[in-house]
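In what follows, a single structure is set out as structure tokens and then discussed.
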Amino acid sequence: MPELPEVESVVRALAPALTGRSIKSVEVRNTSTVAGSPGRPAALAGRRIDSVARRGKYIRIHCDRNLGLAIHLRMTGWLGVKTAMELAAEADPYVRVLFHLHPLKEGAASQKEALVFRDIRKFGRVWCGPDPALDGLKALAKLGPDALAIEPAAFAERLRARRGRLKSLLLDQTFLAGLGNIYADEALHEARVHPLQEAQRLSNAKALALHAAGKGVLERACAAGGSSIDDYLHPDGTPGWFQRELKVYGREGEPCRRCGAKVRRVVVGQRGTWFCPKCQRKG
DNA sequence: ATCTATTCCTGGCTGC
DNA sequence: TGCAGCCAGGAATAGA
């Protein structure tokens, strides 16, 4: 599942491949993947890609004339660039949207012909339109501070202002943008905080520890190219390797890598939640 | 404000 | 082997 580190990996790989390229046409193979009015994608034809960036788990592509894209990979979304030969050789039923690109040089076979949005479960979304409209999308406009950018004191202050269980709060993108199920569990484990801990009753020291743990986990995961657990792969098809570093996520019944106690799985807010009952206590 | 249930969707798993 | 039934899960949405 793409969370902040996975999306960051996608952006780092795509930025150099796409910047400066112009969109020739947009081929929508699954209409429900593209949000908003059906004519929107066509407006991107002829536009030059100026930058590729990340906001929380969203990918923002900016073009000239203040047009652009917002993309969310959700569960199984994948983005990559392919050559004309690669596209012709495979009949991939899961390709949902193709952004065909103008060639940089005529006749170069190695040149990427299209930006491909592939998505098995069709949960992913692509928005096209003017930048102000994209940034004004309810989900984007309400996004909380980025999990990698927020300062420790600001994080602790935000926590104090909220009620509810920490696990649910960490998954709330309006509270903090970028964390998902994997890294929320890993951050809580590293900070030795129980996922059901009431946010308001967390000590300032623990709040700062949670901030440091979250930032540390995210930075290490970014350096590892993210976690390839179910479907996630880099734009070039290679996997990330942070899944090998996971301490609790998906490890029900296995020994905690810190204390040896059996990792437990509970459901919090309809989300599978893994934690070590010995290391992580409510306080 | 916070919580829960529901919807979206499909591959992969379980159990018969 | 085949097949029905269930599950995961980010986020939007509705309702409590």
Side-chain angles (χ1 to χ4, degrees), chain A residues 1-10 28-36 54-60 70-79 91-97 117-127 134-144 146-147 157-188 195-202 214 218 221 226-233 239 243 246 248-253 263-275:
Chain A
M1 301 158 290
E3 303 180 23
L4 188 154
E6 291 75 27
V7 177
E8 182 67 24
S9 295
V10 170
V28 179
R29 293 192 182 172
N30 181 65
T31 51
S32 69
T33 297
V34 180
R54 180 185 64 76
R55 280 196 59 196
K57 300 180 210 172
Y58 288 81
I59 295 159
R60 280 287 277 112
I71 299 170
H72 199 302
L73 303 174
R74 293 278 171 87
M75 306 298 301
T76 56
W78 177 88
L79 274 177
D92 186 342
Y94 302 121
V95 170
R96 308 305 183 188
V97 185
F117 183 75
R118 179 182 196 268
D119 186 19
I120 293 175
R121 294 190 202 175
K122 300 184 184 171
F123 281 6
R125 286 291 175 276
V126 172
W127 296 262
L134 294 177
D135 294 328
L137 284 169
K138 208 196 289 181
L140 272 165
K142 287 174 67 179
L143 230 42
D146 195 88
E157 193 176 332
R158 265 179 104 71
L159 267 186
R160 269 196 296 278
R162 293 288 295 262
R163 318 187 119 270
R165 300 167 297 198
L166 271 184
K167 173 64 187 278
S168 300
L169 211 46
L170 292 179
L171 292 181
D172 180 349
Q173 300 300 299
T174 69
F175 173 72
L176 190 68
L179 282 186
N181 214 26
I182 299 171
Y183 300 109
D185 282 1
E186 293 298 312
L188 289 166
L196 294 176
Q197 166 77 43
E198 191 66 32
Q200 268 190 334
R201 298 183 58 168
L202 192 70
L218 290 173
S227 305
S228 291
I229 291 186
D230 290 322
D231 304 87
Y232 175 75
L233 293 173
Q243 64 278 7
L246 298 179
V248 285
Y249 181 86
R251 299 189 62 246
E252 183 180 17
V263 171
R264 280 197 60 198
R265 179 186 189 272
V266 293
V267 174
V268 183
Q270 287 89 241
R271 293 287 170 272
T273 298
W274 289 265
F275 70 103

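These numbers come from the heavy atoms of this one structure, side chains and all, not from hydrogens, waters or symmetry mates. Here is the naming used below: chain letters follow the sequence lines, and residue numbers restart at 1 for every chain.
Counting non-hydrogen atoms under 4.0 angstrom, A:Y183 reaches nothing in the nucleic acid. Looking at heavy-atom distances under 4.0 Å, A:R118 makes no contact with the nucleic acid at all. In this structure, A:F175 reaches neither bases nor backbone, as no heavy-atom distance under 4.0 Å exists between it and the strands shown.
Residues meeting the ring-ring contact (aromatic ring centres under 6.0 Å, His included) test with A:W127, sequence neighbours left out: A:Y58. Partners of A:R54 according to the side chain to side chain contact (heavy atoms under 4.5 Å, CB included) rule, which considers only residues two or more places apart in sequence or in another chain, are A:L4, A:V7, A:E8, A:V11, A:D146, A:L148. For A:R165, there are no side-chain hydrogen bond (donor to acceptor under 3.5 Å, both in side chains) partners at least two apart in sequence or on another chain.
Close to B:dG11, at under 4.0 Å from its OP1 or OP2, lies a side-chain N or O of A:Y94.
Set against C:dG10, B:dA5, B:dC9, the side chain of A:S32 has B:dC9 as its closest nucleotide. Taking the side chain of A:Q270 as heavy atoms from C-beta on, and the options C:dG10, B:dG11, B:dA5, the nearest nucleotide is B:dA5.
Contact check for A:R163 versus A:E198: side-chain heavy atoms found under the 4.5 Å cut-off. Proximity of A:D172 to A:R162: side-chain heavy atoms (C-beta onward) are separated by under 4.5 Å at one or more points. With contacts defined as side-chain heavy-atom distances shorter than 4.5 Å, the pair A:K167/A:L188 qualifies. A heavy-atom distance below 4.5 Å is not found between the side chains of A:L73 and A:M75. Side-chain contact between A:D135 and A:R60 is present, with heavy atoms from C-beta onward closer than 4.5 Å.
Rounding to whole angstrom units, CZ of residue A:R29 and P of B:dC9 are separated by 19 Å. Nucleotide C:dG10 holds its C1' atom 11 Å from the CG atom of A:L73, rounded to whole Å. Atom CE of A:M75 is separated from atom C1' of B:dT7 by 14 Å (rounded to the nearest Å). Atom pair A:R96:CZ and B:dC8:P shows a separation of 16 Å (rounding to whole Å applied). Atom CG in A:D119 sits about 10 Å away from atom C1' in B:dT10, given to the nearest Å. For the pair A:M1 CE and C:dC7 P, the interatomic distance rounds to 18 Å; values are reported in whole Å. Between the CG atom of A:L143 and the C1' atom of C:dG10 there is a distance of 13 Å, rounded to whole Å.
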Full working for side chain to side chain donor-acceptor pair (under 3.5 Å) between A:S227 and A:Y183: CA-CA 10 Å; A:S227 305; A:Y183 300 109; 2.7 Å; yes
Does the side chain to side chain donor-acceptor pair (under 3.5 Å) test come out yes or no for A:D231 and A:T76, once each step is laid out? CA-CA 6 Å; A:D231 304 87; A:T76 56; 5.7 Å; no
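The stretch residues 157-167 of chain A comes close to DNA chain B through A:R162, A:R163, A:G164, A:R165, each having a heavy atom under 4.0 Å from the strand.
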Nucleotides 11-16 of chain C: protein proximity per nucleotide (B base, S sugar-phosphate only, - neither; heavy atom, under 4.0 Å): BSS---
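Five base pairs at each end of the helix from B:dT2-C:dA16 to B:dC16-C:dG2 define two local axes, and these are offset by 50° (rounded to 10°).
Scanning all heavy atoms of the two residues, the minimum distance from A:Y232 to A:V10 falls at OH-CG2, 3.8 Å.
With rounding to the nearest 0.5 Å, the separation of CG in A:L218 from CG in A:L179 is 5.5 Å.
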